Every structure is written in C-alpha cells, then in structure tokens.
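Take a look at the structure set out below.
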Amino acid sequence: AASAVLAGIRMLVTSGPTHEPIDPVRYLANRSSGKQGHAIAAAAAAAGADVTLVSGPVSLPDPPGVRTVHVETARQMLAAVEERLPVDVAVCAAAVADWRPEAEGSQKLKKDGSGAIPQLRLTENPDILQTLSQHHTLRPRLVVGFAAETETVIEHARAKLARKGCDLIVANDVSAASGVMGGDRNRVHLVSPEGVETWAEMAKTEVASRLVAHIGERLKAAAR
Ligand code: C5P
C-alpha cells in the first residue's frame, strides 16, 4: 500500500517532557504535551514502521500499534533509547530538560522556620539527540531533531543541526503567542544541510504524517 512507506523500518521516537526530581515530591519540568512526538510515532506505525516510543510523563494515551516505554528523567530516557539500538531512524521530539538538580533530596525539603531558602544547584543532563547523532557504532541512518525556539527560529536550527550532528531539524516557534506548546497545531521549518523547507500551519497530526512521508523519501533517496 502507498501508506506502508516505512515497512521494515525500525524507528525510535522520543516524546514529552522529562521530570527531574528535586526531592521525593517535587520536580523540574516544562510545558511539552507530547502531542507532536506521539503523533509521529502513531503515523510511523500506520506507515508500517516498527516503532518504539520513549515517552516522558504525558497525559496522552499510548498510540496504537506502538511499543511505548514510559520514563521520567532524561537519564532514564537515554538508557531506554540506547537499549533499543540499532534502529534505522530516530526522531527526537522530546523536550528533554537541559539541567537537573545536582542531588536529589532523599526527604522532602522542609521550611525550618528560620526563613532560610534552599538553593538548587543544577547539573547538565545527557543530550540524547547528540548521543545518537554522534554514536560511533550504532548511529541510525537518519537522525531527526526538533528545535523549539522563541526567536530567530531558522538560524538557531541551523546552528543546532551542526552542533548536534543530526540530519534534519524540525524547527518550530514556541513563543507564547504561537500557541504551539500544548496546542493542536504547528508551523514548522525543515532545516537540513540541503536547505530550508517551510510548511504551512497545520494540525500536529498532519505534520506527523507529512514528516513520515518525508522520512520515507529520504531513506529511499539515500538507498539509491
Ligand atoms: O538543544 P535543544 O534542547 O534545543 O535541542 C532540541 C533537540 O534536541 C530536540 O530534538 C530534543 O529532543 C533533543 N534533545 C535531546 N536531549 C537533550 C536535549 C535536547 O535529545 N538533553
């Protein structure tokens, strides 16, 4: 079928935010809903791919036809991703926290009445997209990243493409005015070494199915 453009392809998708524990009851997180990443996993499965979705905490159902692995932290997400290698394609749509609290308190932080304010020390999280893109032995044939920016979206995406070493960046504007974070629609730019392709605003599910078709085209072109 024309819809089975990814038949026989092993694909990994990351989606959602990560939660980085501060103490047993508190965490650092972001506003990612997981809608775009989950839609990509579902569309890829519908196109015949063997899909594993590694999802941070979201309030979405597991997509049909997809093996879904649930994680909380960036470190757990990386471990789940590495466990799944080798794959043909990786799409990193998760909004992974760049930093986590350096030490997780084993007990809930308490006000002690003195007015002393706890100081959070942060440390850097592993970069999953970069790890996959620069993997020495198991780099996927195609690595796709996302770039959520609030300004100079394309410029930032170009820099990210080079820094991380991925093949394609799907860049979108997540400034509050765009309504993209948590919303159902998206307007993206596909940034690769070959150039920039800007798509009209459409539903995230539509972005997902077009991206899957685009990935199918790229794999076909690379095989020629
Ligand atoms: O650098 P920045 O976080 O803006 O890059 C966004 C891209 O990198 C997304 O594809 C995101 O999923 C991925 N990423 C990642 N691991 C991180 C940070 C970002 O996979 N720790």
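Order of listing sets the numbers, starting from 1, for every ligand and every atom in it. Computed from a prediction, not measured in an experiment: that's the story for all the values here. Side-chain atoms are counted along with the backbone in the values below, which use heavy atoms only and exclude waters and symmetry mates.
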| query | Which residue holds the protein heavy atom closest to atom 9 (C) of ligand 1, what is that atom called, and what is the gap in Å? | reply | Phe146 O, 3.0 Å
| message | Using a strict threshold of under 4.0 Å (side-chain N to carboxylate O), is an ion pair present between Glu124 and Arg100? | response | no
| Are Asp88 and Arg141 ion-paired here, with the side-chain N under 4.0 Å from a carboxylate O? | yes
| Side chains of Asp23 and Gln107: donor-acceptor distance under 3.5 Å anywhere? | no
| request: Look at atom 1 (O) of ligand 1 and say which protein heavy atom is nearest, naming residue and atom and giving the distance to 0.1 Å. | output: Lys164 NZ, 3.0 Å
| query | What are the two closest heavy atoms between Val96 and Pro126, and how far apart are they? | reply | CG1-O, 4.5 Å
| To which protein heavy atom is atom 2 (P) of ligand 1 closest, and what is the distance rounded to 0.1 Å? | Lys160 NZ, 3.4 Å
| request: Using a 4.0 Å heavy-atom threshold (strictly under), name the region of Pro126 that reaches ligand 1: side chain, backbone, both or neither. | output: backbone
| Do NZ/NE/NH1/NH2 and the carboxylate oxygens of Arg187 and Asp173 come within less than 4.0 Å? | no
| message | Are any of the N/O atoms on Cys92, whether in the backbone or the side chain, positioned under 3.5 angstrom from an N/O atom of ligand 1? | response | yes
| request: Measure from the side-chain N and O atoms of Arg26 to the backbone N and O of Pro21, and report whether any donor-acceptor pair falls under 3.5 Å. | output: no
| note | Going by the 4.0 angstrom heavy-atom rule, the piece of Asn125 near ligand 1 is neither
| Distance-only N or O hit between ligand 1 and Ile128, under 3.5 Å | yes
| Which protein non-hydrogen atom lies closest to atom 17 (C) of ligand 1, naming both residue and atom, and how far is it? | Val96 CB, 3.4 Å
| message | If you count every heavy atom of other residues, nucleotides or ligands that lies below 6.0 Å from Gln134 atom CD, does the total exceed 12? | response | yes
| field | Contact check, Ala94 vs ligand 1, heavy-atom distance below 4.0 Å | value | yes
| query | Can you name the closest pair of heavy atoms from Leu28 and Trp99 and give their distance? | reply | CD1-O, 4.5 Å
| field | Atoms in ligand 1 flagged as close to Gly145, the criterion being non-hydrogen separation under 4.0 Å | value | 10 (O)
| request: For atom 3 (O) of ligand 1, find the nearest protein heavy atom and state the residue, atom name and distance (0.1 Å precision). | output: Asp98 OD1, 3.8 Å
| atom 20 (O) of ligand 1: which protein heavy atom is closest, and how many Å away? | Leu129 N, 2.8 Å
